[in-house]
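Written out below as structure tokens is the structure these notes cover.
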Amino acid sequence: MYRPLSALIVGVLLPLASHAGNTPLEPGIEFVHHDWFLACDNTGTCRAAGYGPENADSLLGLMLERAGGPGTAVEARLRVGEDGESAIPEGRLRLQVNGRDLGAVQDTGADEAVTLRPAQVAALLTALPGQARIEVIDSRGTHWPISDRGAAAVLLKMDEAQGRVGTPGALIRRGTRAEASVPAAHLKPVIVSAALTAPRSGDSALGSSEALRTALIATLGDSDDCPRLVEYKGTPEMVIERLDDSHVLVQALCQMGAYNYSNGFWIARDKPPFAPQTVTLEAEGFSRGERTLYARYKGRGIGDCVSGSDWTWDGRRFQPSSAFSTGLCRGMPGGHWTLPTLVSEVR
């Protein structure tokens, strides 16, 4: 049960004290074409990930990352994935593009810290708009490919998202439009996490309120949005968390699949009329200590691709505070990369 970012629902503002400039954050974009995946976040940074050819025995991953704004450089990272079963490159690795040896490369490891050298990046960017035979060669002489299928379309989409098309710094469609015309990068937005009011003795009783359940159902556009809540027989099983003096967070199971499940979350008054407002129907749980709702979904059962989102309580609502994907499902447990579409600084 894959949960696309477009399925997420952001709750409306509560009628509490106003907070100036408290506009909900909007995520960036995702784009997929063949063996390449693009994610651009709300600051303007884009990350394009390429993989070994589909169905090939290769767990290599290549990521090209570029911050928004004029004159920014492209960085590249290589990752050698492991699944505990497939063969992997051994020993010293070298990068080859269209038969040209570009020298030694290094797996970045868990911290993704080591980048390819500028000359290697330049060669990749020169080759990828056309036909690019990208291979990593290990110490045994085995060639491990990274596909070029989809790369040109993904890099063009990156240029479009960053406003670079027609400039000298574009990756695909270069032109003479001034580099200074490229939109500046956006600052990472700040979300101030608010304290929660301590639970009250009567809060847990709301979890079995049929009137509250009926009010939650009335917020649904369709019964398929949260079928477990609609179809539940007997006493509802809802989890109640105190937010402030007059509002609670209500959690109810919505969907249950083979390897994913989702809960709905609503902000409601703690007495009738409950007037619940939907935060999301696509989260897993709530961390009271971090004041955050979270969602993590597998793209398939083996967990080689994951999408995730977080929402942080700011005293009025749960602000979307992060959203990410790990890219294509290509055999690497947990995915090769973290590719955000929404970033923020939570204080």
Side-chain angles (χ1 to χ4, degrees), residues 28-41 45-67 73-83 86 88-89 93-100 102-103 105-109 112 114-138 142-162 164 170-172 299 304-307 324-341:
I29 65 164
E30 289 183 352
F31 177 74
V32 180
H33 196 59
H34 295 303
D35 297 319
W36 280 72
F37 183 103
L38 175 70
C40 298
D41 66 33
T45 295
C46 290
R47 298 167 179 87
Y51 302 83
E54 193 167 14
N55 301 320
D57 186 20
S58 175
L59 295 179
L60 286 182
L62 173 68
M63 182 173 72
L64 306 177
E65 178 176 345
R66 191 178 202 181
V74 178
E75 295 183 347
R77 297 177 175 90
L78 179 73
R79 168 150 293 173
V80 179
E82 294 186 46
D83 61 5
S86 303
I88 60 174
L93 308 180
R94 302 185 70 81
L95 178 65
Q96 190 175 94
V97 176
N98 289 338
R100 178 187 169 197
L102 297 175
V105 297
Q106 182 177 351
D107 174 14
T108 60
E112 304 178 6
V114 179
T115 60
L116 300 185
R117 295 194 303 276
Q120 294 171 328
V121 178
L124 286 169
L125 295 179
T126 298
L128 282 171
Q131 290 187 331
R133 192 174 76 256
I134 305 169
E135 297 171 301
V136 172
I137 305 172
D138 68 12
T142 304
H143 290 232
W144 304 85
I146 294 173
S147 175
D148 65 345
R149 293 184 70 241
V154 161
L155 296 182
L156 175 59
K157 182 65 70 173
M158 179 191 287
D159 283 341
E160 291 174 350
Q162 295 186 323
R164 299 185 191 279
L171 301 178
I172 299 296
D304 59 342
C305 47
V306 177
S307 62
F324 71 90
S325 169
T326 63
L328 298 182
C329 306
R330 291 300 172 89
M332 168 77 165
H336 286 75
W337 314 102
T338 298
L339 306 170
T341 54

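What's counted below: heavy atoms across the whole structure, side chains too, no hydrogens, waters or symmetry copies.
For the pair Arg164/Leu171, no side-chain contact is recorded, criterion being any heavy-atom separation below 4.5 Å from C-beta on. For the pair Val80/Leu93, a side-chain contact is recorded, criterion being any heavy-atom separation below 4.5 Å from C-beta on. Looking at Phe31 and Leu156, their side chains never come closer than 4.5 Å, going by heavy atoms from C-beta outward. Arg47 places none of its side-chain heavy atoms less than 4.5 Å from the side chain of Trp337. For the pair His33 and Lys157, the minimum side-chain heavy-atom distance is 4.5 Å or more. For the pair Glu65/Arg77, a side-chain contact is recorded, criterion being any heavy-atom separation below 4.5 Å from C-beta on.
A distance of 11.5 Å separates CZ in Arg66 from CD in Glu75, rounded to the nearest 0.5 Å. From Ile88, atom CD1 reaches atom OG1 of Thr142 across 12.0 Å, with rounding to the nearest 0.5 Å. With rounding to the nearest 0.5 Å, the separation of OH in Tyr51 from CG in Leu60 is 12.0 Å. How far CG of Leu128 is from CG of Asp148: 7.0 Å, rounded to the nearest 0.5 Å. Taken to the nearest 0.5 Å, the OG atom of Ser325 stands 5.0 Å off from the CD atom of Glu30. Here the straight-line distance linking atom SG of Cys305 with atom CG of Leu339 works out to 11.5 Å at 0.5 Å rounding.
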Determine, step by step, whether Leu328 and Glu54 satisfy the side chain to side chain contact (heavy atoms under 4.5 Å, CB included) criterion, reporting the C-alpha distance in whole Å, the side-chain angles of both residues, the deciding distance to 0.1 Å, and the verdict. CA-CA 10 Å; Leu328 298 182; Glu54 193 167 14; over 6 Å; no
Assess whether side chain to side chain contact (heavy atoms under 4.5 Å, CB included) is satisfied between Phe37 and Thr326, documenting all intermediate values. CA-CA 9 Å; Phe37 183 103; Thr326 63; over 6 Å; no
For a side chain to side chain contact (heavy atoms under 4.5 Å, CB included) check, start with the C-alpha distance between Leu124 and Leu62, then their side-chain angles and the critical distance, and finish with the verdict. CA-CA 10 Å; Leu124 286 169; Leu62 173 68; 4.2 Å; yes
Start with the C-alpha gap between Ile146 and Leu78, add the side-chain angles, then the distance that decides, and say whether side chain to side chain contact (heavy atoms under 4.5 Å, CB included) holds. CA-CA 10 Å; Ile146 294 173; Leu78 179 73; 3.8 Å; yes
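Here salt bridge (Lys or Arg N to Asp or Glu O under 4.0 Å) pairs that include residues 115-134, with residues two or more places apart or in two chains, are Arg133-Glu135.
In this structure, Val97 and Ala127 approach most closely via the heavy-atom pair CG1-CB, 3.6 Å. Heavy atoms only, all atoms of each residue included: Leu59 and Ser86 are closest at CD1-CB, 4.2 Å. Here the closest non-hydrogen pair linking Ala67 and Thr45 is CA-OG1, 3.6 Å. Closest approach of Asp304 to Cys329, counting heavy atoms only: OD2-C, 3.4 Å. Here the shortest heavy-atom pairing between Met158 and Cys46 reads CG-CB, 3.6 Å. Of all non-hydrogen atoms in His143 and Ile137, the two that sit nearest each other are CE1-CD1, 3.5 Å.
Although no hydrogens or angles enter the test, the distance criterion places a donor-acceptor pair under 3.5 Å between the side chain of Trp36 and the main chain of Ser147. At least one donor-acceptor pair under 3.5 Å links the side chain of Arg79 to the backbone N or O of His336.
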